[in-house]
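To start, the structure itself, in structure tokens.
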Number of protein chains: 2
Amino acid sequence: MINKKSHLPIYYQLEEEIKKLIEEKQLQPGDLIPSEREFSETHEISRMTVRQAINNLTSEGILEKQRGKGTFVAQAKLEQSLQGLTSFSEEMAARGMEPSSRMLSFQRVKATNHVANRLEVEEGTEIYEIKRIRLADSIPMAYETSYMPVTLLPRLTEEVASHSLYGYVENEQKQSIKKATQSIEASSATKEEATILEIEEKSSVLLFHRTGYLENQKPFEVVKSIYRADRYKFFIQLER
Amino acid sequence: MINKKSHLPIYYQLEEEIKKLIEEKQLQPGDLIPSEREFSETHEISRMTVRQAINNLTSEGILEKQRGKGTFVAQAKLEQSLQGLTSFSEEMAARGMEPSSRMLSFQRVKATNHVANRLEVEEGTEIYEIKRIRLADSIPMAYETSYMPVTLLPRLTEEVASHSLYGYVENEQKQSIKKATQSIEASSATKEEATILEIEEKSSVLLFHRTGYLENQKPFEVVKSIYRADRYKFFIQLER
DNA sequence: AAGTGGTCTAGACCACTAT
DNA sequence: TAGTGGTCTAGACCACTTG
């Protein structure tokens with residue numbers, strides 16, 4: 001299994017091996033994994049190297065150690081995957097619902113002062129404006145308006161936008177989407193929003209404002225989302 | 001500096017020493033710290049032990065390593081501290097407001113099924129129930145109800161609770177507060193909540209449910225907070 | 001070429017858990 | 001008592017950065 005001549009560190013190869021065993025269900029959550037000394041002997045590597053692999057997986061929350069007892073496969077936590085920056089589709093799928101989208105409008109407009117500031121472009125710059133309804137199990141969940149600079153994605157079409165927008169951006173820009181800042185507030189639905197979301201006017205809604213950034217720290221999208229409060233809660237893990 | 005006979009691990013003593021140097025400004029953000037081999041020689045400890053100390057501080061974001069160059073004191077990031085699990089007082093102070101608190105009630109009650117589940121205790125177990133108004137610049141911002149097991153803090157008094165509750169918990173339990181899960185939803189104020197928060201009934205509010213955990217993964221508090229939507233927005237940094 | 005962090009070894013003793 | 005993870009040592013070679 002371990003290739004000592006590989007340019008990949010041994011501890012890394014062992015990490016991958018253990019993760020594979022878990023993915024293939026040969027190791028299940030709660031299972032006791034082989035001891036450090038056992039790995040050391042069977043793989044003919046030093047115990048300190050085994051420890052480095054196991055410590056890394058522990059800090060990733062994949063394994064859990066118990067003094068005197070052994071090392072166990074941690075319980076898979078749904079919430080853990082929801083921790084970070086996920087798309088609507090990913091999030092709803094993780095909650096066991098079928099995500100879909102309905103495009104309301106797709107057009108090029110001139111950036112208002114507000115959006116221009118957030119996208120770090122000049123006011124009046126041409127940007128895409130995309131309005132969508134997000135559905136889960138065919139029920140309206142959120143009303144989303146996105147803005148993106150045309151210069152970043154000159155060949156974006158409505159067709160592409162209705163499919164995997166994030167994947168398209170990452171391909172076009174050869175950069176991955178790594179960070180976003182988001183504000184969350186409570187509000188009540190306007191008449192337009194209520195109609196679209198099929199709720200009563202003035203119903204409670206969660207209002208999100210997100211700015212997404214590429215690896216080079218340049219903003220690529222500004223999104224405003226309105227979620228139905230009766231069907232949606234936001235979960236977050238906090239640490240310090 | 002290092003006491004090899006101490007029951008405290010050497011790497012831990014070294015961590016404390018380095019942190020102290022930073023606190024005392026003998027090491028400033030951006031400064032190059034002594035190399036691993038230098039620490040190893042001056043403290044007469046193994047380089048692997050030095051590495052353990054430095055790696056821990058690196059994963060805490062206190063130090064930053066650069067291959068071939070050395071290890072540096074990281075820039076202090078305000079956002080970093082706000083990213084995670086902060087107390088109301090810390091958060092408001094960071095926003096430039098003066099935090100304060102008004103105790104509404106402090107009593108021992110029996111855990112309902114709902115709270116017992118979250119605190120992982122038996123239904124009917126005795127718990128503290130603490131109701132407070134949280135103010136910023138003397139304006140009501142949030143209405144907070146906390147529950148904590150009595151067994152965890154047998155000597156908790158109203159006096160203590162009105163001061164630094166988190167600090168008290170950390171002292172009593174000899175464990176730090178590391179994690180919390182939180183849900184965020186939109187709601188509208190009940191009559192009671194509206195009165196307390198000095199807003200109109202049915203006004204939009206942000207509703208938080210938080211469960212806080214100690215290092216040993218045991219829950220120590222369950223909190224329900226109602227924030228005025230007109231004065232409070234929640235900010236979060238997302239990464240993937 | 002010298003210095004740095006990254007990886008790795010082959011031992012050792014300790015504290016803790018289980019039987 | 002045997003087995004586990006926690007800590008520690010005194011070396012070694014590597015890849016990388018800088019003078």
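Hydrogens, waters and symmetry mates are skipped; everything else that's a heavy atom, side chains included, is used. Chain naming here is simple, since letters A, B, ... match the order of the sequence lines and numbering starts at 1 in each.
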For a quick check, with a 4.0 angstrom heavy-atom cut-off, what is the B/S/- contact string for nucleotides 11-19 of chain C, read 5' to 3'? -BB-SBSS-
Near-ring test Tyr128(A)/Tyr147(A), centroid separation under 6.0 angstrom: no
Donor-acceptor pair, distance only, cut-off 3.5 Å: does the side chain of Thr71(B) make one with the backbone of Ile33(B)? no
Considering just the side-chain nitrogens and oxygens of Gln66(B), establish if one lies under 4.0 Å of OP1 or OP2 belonging to dG5(C). no
dG5(C) C1' sits how many Å from Phe72(B) CZ, rounded? 11 Å
Distance, rounded to the nearest Å, where Glu41(A) contributes CD and dG3(D) contributes P: 11 Å
Nearest-Å distance for atom pair CD/P, residues Gln52(A) and dG5(D): 17 Å
Contacts to DNA chain C from residues 8-22 of chain B, heavy-atom cutoff under 4.0 Å, which residues? none
Look at the side chain of Thr49(B) and decide which nucleotide, out of dG5(D), dC8(D), dC8(C), has an atom nearest to it. dC8(D)
Between Lys19(B) and Glu16(B), does any side-chain N to carboxylate O distance fall below 4.0 Å? yes
Just so I know, are the side chains of Ile127(A) and Leu119(A) near enough to count as touching, which here means a heavy-atom distance under 4.5 Å? yes
Is any side-chain heavy atom of Leu207(B) closer than 4.5 Å to one of His209(B)? yes
Would you call Arg95(B)-Glu91(B) a salt bridge at under 4.0 Å N-O? yes
For the side chain of Glu36(A), starting at C-beta, report the closest nucleotide among dG6(D), dT4(D), dG6(C). dG6(D)
Would you say the ring centers of Phe234(A) and Phe234(B) fall short of 6.0 Å from each other? no
For Lys65(B), does the NZ atom sit with more than 12 other heavy atoms under 6.0 Å from it, leaving out its own atoms? yes
Could you check if a side-chain atom of Lys233(B) sits within less than 4.5 angstrom of a side-chain atom of Tyr227(B), using non-hydrogen atoms only? no
For dC8(C), does either OP1 or OP2 sit under 4.0 Å from a side-chain N or O belonging to Ser46(A)? no
Identify whether any heavy atom of Ile45(A) sits under 4.0 Å from a base atom; if not, whether one sits that close to sugar-phosphate; answer base, sugar-phosphate or nothing. sugar-phosphate
Is the distance from OP1 or OP2 of dT17(D) to the nearest side-chain N or O of Lys65(B) less than 4.0 Å? no
